There are 2 protein chains.
Amino acid sequence: MPGSSSERGPRERMVFSAAQLIRRDGVAATGMREVAEHAGAPRGSLQHYFPGGKRQLVGEAVDWAGRYAGNRVARFLAELSRTGTPTPSGLFAAMVRQWTEEYEAGGYGTGCPVAAATTECAATDADTRRAAATAFATWTAPVAAALTDMGVPATRAASLATLMISALEGAILIARAEQDSRALTTVVAELAPLLDGAAAPG
Amino acid sequence: MPGSSSERGPRERMVFSAAQLIRRDGVAATGMREVAEHAGAPRGSLQHYFPGGKRQLVGEAVDWAGRYAGNRVARFLAELSRTGTPTPSGLFAAMVRQWTEEYEAGGYGTGCPVAAATTECAATDADTRRAAATAFATWTAPVAAALTDMGVPATRAASLATLMISALEGAILIARAEQDSRALTTVVAELAPLLDGAAAPG
DNA sequence: GCGCTACTATGACCGCGGTCATAGCGGCCC
DNA sequence: GGGCCGCTATGACCGCGGTCATAGTAGCGC
């Protein structure tokens, strides 16, 4: 977890806390007061920093999550480059491993905040829905870019990036329900040859 | 949509309505009174049929969704068998098509109720979480069985079934966020060769 | 020191929603 | 026809939670 608490201003901490709580309990079950308390921020700051109310806070939490996921991809790539030549399956394995490690260490209490925002708000709140869409986009883009760098044709790179994130999101769901990381390890194992096959020219 | 309203008893209708509303708005945002009204059932019947309260109703809605998804698989297989020899990619395409058709016809307002229950309840409600896990199981099992029937080795069949459902769930998420069925058609296109490759012996 | 701006502090309001309590009603059996 | 049971009807309770109003404080420039 990044900047996991004190440093940074209270505003940013509240956005971060909102994302954390949404990850665990969903949007509706996450209260504003709860966010402030979790962030160690004064309750009065809520209406000051987020005059748009809960919608705004949730929106920024979703944005934050999207940027965070995108940045992680860059870190994974850097890490993979240090130890050898990055492969599509290696990248995907790194993305998934983040979840398996978290789950096996700390339990299956948390999911993806973007997924939560989508399932709960897509039908009723257009702004939040849009925020989720752009979050997925800012997550998918670096993945697709990385794939092209590895030799995947540009047209397929975007498709494979979507497939990777779809499979990851779905496996997260199943893993949480089953409280078992089986689904996560399964998708990475089954998808590996397909991903690496696309990288080899021809 | 099955038995889409009047026939069947009020109890079953309420379970069905609960699943519908959860699909659209999530668990927390779905009210008991709303369920009764949507089902055209008297409010007083709620505490009579579901003395366990909302937890019980949600649990049964999740169970129902799992059974429904499992039964759909059987129907898809029957349909595919009528027009030719079923293939793994054909089955997956049929599963996904159900969603693309619904989305393109009626908008992107609804998702998977099991997904909603998982994201919102997994951390706090063990019973609902278990219900979601068994729902995924009763959905995955017929898919895996179908794959083995098509010549996929038993060990891989279960894995591929999990991959299919993961990819589908994730693509549903992205499609709802983007209000575009692109993600759904993408995963079916990209996964097709992998799935059919597993069916060919060797 | 005055005043302005950024931030904090609280309490109140008000609707929503799950749950409980209590009572009415319609059959069906004996 | 009396009683029991499956079902319905309603109203009340009560906590939660988002939002608003209103006021207080701290720093800083002039």
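Everything numeric here is computed off the predicted structure, so don't read it as measured data. Throughout, a chain's letter reflects where its sequence line sits, starting with A, and its residues are numbered from 1.
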| Selection: residues 29-43 of chain A, any non-hydrogen atom under 4.0 Å of DNA chain C | A:Arg33, A:Pro42, A:Arg43
| request: Return the value, rounded to whole Å, for the distance between atom OH of B:Tyr49 and atom C1' of D:dT8. | output: 10 Å
| Using 4.0 Å as the upper bound for N to carboxylate O, is an ion pair formed by A:Arg176 and B:Glu169? | no
| Does the side chain of A:Ser45 get closer than 4.0 angstrom to OP1 or OP2 of C:dT8 through an N or O atom? | yes
| query | Nearest to the side chain of A:His48, which nucleotide is it out of D:dG6, C:dG18, C:dA6? | reply | C:dA6
| Could you give the distance from CD (B:Gln20) to OG1 (B:Thr110), rounded to the nearest 0.5 Å? | 8.0 Å
| task | Decide yes or no for A:Asp25 and B:Glu120: does some side-chain heavy atom of the first lie under 4.5 Å from some side-chain heavy atom of the second? | result | no
| message | When you compare the side chain of B:Arg11 with that of B:Ser45, does any pair of heavy atoms fall below 4.5 Å? | response | no
| remark: Rounded to whole Å, CZ of A:Arg55 lies from C1' of D:dT19 at a distance of 13 Å
| field | Straight-line distance of B:Leu191 CG to B:Asp196 CG, nearest 0.5 Å | value | 10.0 Å
| query | Is the shortest side-chain N to carboxylate O distance from A:Arg182 to A:Glu178 below 4.0 Å? | reply | yes
Where do N or O atoms of nucleotides 21-28 of chain D meet protein N or O atoms at under 3.5 Å, pair by pair?
unit_1, atom_1, unit_2, atom_2, d
D:dA21, N6, A:Gln47, NE2, 2.6

| said: Is there a side-chain contact between A:Arg55 and A:Phe50 in this structure, where contact means two heavy atoms from C-beta onward sitting under 4.5 Å apart? | reply: no
| request: Indicate yes or no: at least one non-hydrogen side-chain atom of B:Val143 is less than 4.5 angstrom from one of B:Thr162. | output: no
| note | When rounded to whole Å, the CE to C1' distance for the pair B:Met14 and D:dT8 reads 11 Å
| task | Would you mind reading off the distance between B:Leu21 atom CG and C:dG17 atom P, rounded to a whole angstrom? | result | 12 Å
Filtered N/O pairs between nucleotides 23-28 of chain C and protein, under 3.5 Å:
none

| request: With the side chain counted from C-beta on, respond yes when B:Thr118 and B:Phe136 share a heavy-atom pair under 4.5 Å apart, and no when they do not. | output: yes
| 4.5 Å side-chain heavy-atom contact, B:Asp63 and B:Thr134 | yes
| query | Taking C-beta and beyond as the side chain, do A:Pro86 and A:Phe76 meet within less than 4.5 Å on heavy atoms? | reply | no
| Taking C-beta and beyond as the side chain, do B:Val27 and B:Cys121 meet within less than 4.5 Å on heavy atoms? | yes
| query | Given axes from five pairs at either end, by how many degrees does the helix from C:dG1-D:dC30 to C:dC30-D:dG1 bend, rounded to 10°? | reply | 10°
| task | For DNA chain D, find the residues of residues 113-127 of chain A with a heavy-atom distance under 4.0 Å and give them by number; none if there aren't any. | result | none
| task | Provide, to the nearest angstrom, the distance between the CG atom belonging to A:Leu57 and the P atom belonging to D:dG18. | result | 10 Å
| message | Output the rounded distance in Å from CG (A:Leu46) to P (D:dT19). | response | 10 Å
| said: Salt bridge check, A:Glu104 against A:Arg97: does any charged N sit closer than 4.0 Å to a carboxylate O? | reply: no
| request: Keeping to residues at least two apart or across chains, list the side-chain hydrogen bond (donor to acceptor under 3.5 Å, both in side chains) pairs with something in residues 143-161 of chain B. | output: A:Glu190-B:Arg156
| request: Write down the atom of A:Ala61, the atom of A:Ala19, and the distance for their closest heavy-atom approach. | output: CB-N, 3.8 Å
| Lys/Arg-Asp/Glu bridge criterion (N-O < 4.0 Å) met for A:Arg72, A:Glu79 | no
